[in-house]
Amino acid sequence: MTKNTKKGTFMIKKWNRRQRLVLWLVLSLIFLAAVCIGGMFCGDAARETDFARKNIAPCLKYPFGTDWLGRDMFTRTVKGLSISIIIGISAAAFSAVMAFILGVLSATMGKAVDTVITWFIDLVMGIPHMLLLILICVACGRGLKGVILGVALTHWTSLARLIRGEVLQLKEQQYIKMARKLGKSNFYIAMKHMVPHLFPQFLVGLILLFPHAILHESSITFLGFGLSNEQPAIGIILSEAMKYLITGKWWLALFPGLMLVLTVVCFYTVGEGIRKLVDPASAHE
Amino acid sequence: MILEARNISFRYGEKSREILKDFSLKAESTERVGLVAPSGFGKTTLCKILSGYEKPDSGQVLLDGKPLDFYGSYCPVQLIWQHPEQAINPRLRMKSVLEEGDNVSPDLIKRLGIEADWMNRFPAELSGGEMQRFCIARALGQRTQFLLADEISTMLDLITQSQIWHFLMDETEKRKIGMIVVSHSPELLEKVCTRIVDLQKE
């Protein structure tokens, strides 16, 4: 018993929390980068059909198996994920920027602006995500642009509300009032006191938007309102696989689904890792 | 220099009760004025008004006959808050906290008992008394003419209290900085102050 605990503490000492976090961060980033770069090169391979190799169960040559048209599921999954990641990044970046601008404006521009923006946030939040997403996608014409716009326009609200609350709270802090009395300019206070406090929260909000965006992209494509059928997006793969699941071709849905979950987990790990790394409480760990 | 509050009235919000009513006070930079009053009499509010954190509803705060705004962006009347942990940004290391003050002299920092080792720490890694020393040092920049101490030693042990008060009496006498001290402890005020004002009797 004592031996075990001793060994346990030894392990923790060897790799402290900060180092373990960095390790996970790097692994997640490598995985995401690999998927992105892989997706760029296997676009053609993902569309190639070959009836000589259709319906093969997972083996060494085709680790994820092949489908009813003889397409390699591995390349299709990688390509689909890379599309998902691109959509996730652009949608999350777009909505985070929008949230930041609206949040800061709302907190600093006075009561009238604040009322309008808060009302608008409530309005967008009041409409179910999926409904709004489908409407925007259909209005923009199906495809990448529609999905990105749809996800971006439905996901900025919670982050905007968070940033507004933070800025309002910061403005009343004693140390910020004190800095003003010590003759510091608004710019100094914004850069030295506000940004270091807001940035980590903003960054984490941004990164945690990725998995949301990816999941929404897949689900809307699965429902048939998102990307067109020719593109090997994860949602398309999953919805097509549905028809073949009953005939026992389990690998068509399992591997793409697992990879999707893995990607989402990776983004969460990166987000949580960065949040912990920038927290001053962990500075000396 | 003379810090003067002239006929000050103040209330928080429209409908709340009037905390200060037609209050006047005059303090010279050669004296240390003690303020006593039971809880809720507006001692902290008065300190905030005197150092420009709050604007009085009527009346004026004058330093040598001129309003505080006249002296530019650095306020010559500095307030030391009761809770140091709220007056320091938890994300800044202590050395950057000191840099915010107006060229605080290294000699002063040393005499306050601040150790070089503390400079690289975050506020969460210091005790309340250690943080309060930083707050005092920060408020004693070059251009400070008046110092308001709002219950600054209530959370400290007796040895630290006496160390800090000896330092403050020394420093303010040397630089001719006026002080207004708020405390619940009559013994402390009797030791430290040259004059005691009871808000209740005013």
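In what follows, chains are A, B, ... by sequence order, proteins preceding strands, each numbered from 1.
To the nearest 0.5 Å, atom CD of residue A:Gln174 and atom CD1 of residue B:Ile88 are 10.5 Å apart. The structure places CZ of A:Arg180 at 11.5 Å from OG of B:Ser73, a figure rounded to the nearest 0.5 Å.
No option in B:Cys135, B:Pro90, B:Pro123 other than B:Pro90 meets the side-chain contact (heavy atoms from CB on, under 4.5 Å) test with A:Tyr175.
Heavy-atom contacts from other residues, nucleotides or ligands closer than 6.0 Å to NE2 of B:His166 number 12 or fewer. More than 12 non-hydrogen atoms from other residues, nucleotides or ligands lie less than 6.0 angstrom from OH of A:Tyr188. Counting heavy atoms of neighbouring residues, nucleotides and ligands inside a 6.0 Å radius, atom CZ of A:Phe94 does not exceed 12 of them. Counting non-hydrogen atoms of neighbouring residues, nucleotides and ligands closer than 6.0 angstrom, the NE2 atom of A:His212 reaches no more than 12 such neighbours. More than 12 heavy atoms of other residues, nucleotides or ligands lie within 6.0 Å of CH2 in B:Trp165, so this atom counts as buried by the packing criterion. Within 6.0 Å of atom CZ in A:Phe120, 12 or fewer heavy atoms from other residues, nucleotides or ligands are found, so the atom counts as exposed in its surroundings. In A:Met125, the CE atom is crowded: over 12 heavy atoms of neighbouring residues, nucleotides or ligands sit closer than 6.0 Å. Annotation: A:Lys184, atom NZ; neighbour count of heavy atoms from other residues, nucleotides and ligands within 6.0 Å is above 12.
The two residues B:Gly52 and A:Lys181 make their nearest non-hydrogen contact at O-NZ, 3.1 Å. Between B:Arg91 and A:Pro200, the closest heavy-atom pair is NH1-CG, 4.1 Å.
Using a 4.5 Å heavy-atom threshold, the side chains of B:Gln78 and A:Met178 count as touching. Between B:Asn89 and A:Lys192 there is no side-chain heavy-atom pair separated by less than 4.5 Å. Between B:Gln86 and A:Gln173 the shortest side-chain heavy-atom distance does not fall below 4.5 Å.
For B:Ala124, no part lies under 4.5 angstrom from a heavy atom of chain A. Interface residue A:Lys177: backbone and side-chain heavy atoms are both found under 4.5 Å from chain B. Using a 4.5 Å cut-off between heavy atoms, B:Arg143 does not touch chain A at all. Looking at B:Leu92, the atoms closer than 4.5 Å to chain A (heavy atoms on both sides) all sit in the side chain, from C-beta outward. With a 4.5 angstrom heavy-atom cutoff, B:Ser51 touches chain A only via backbone atoms.
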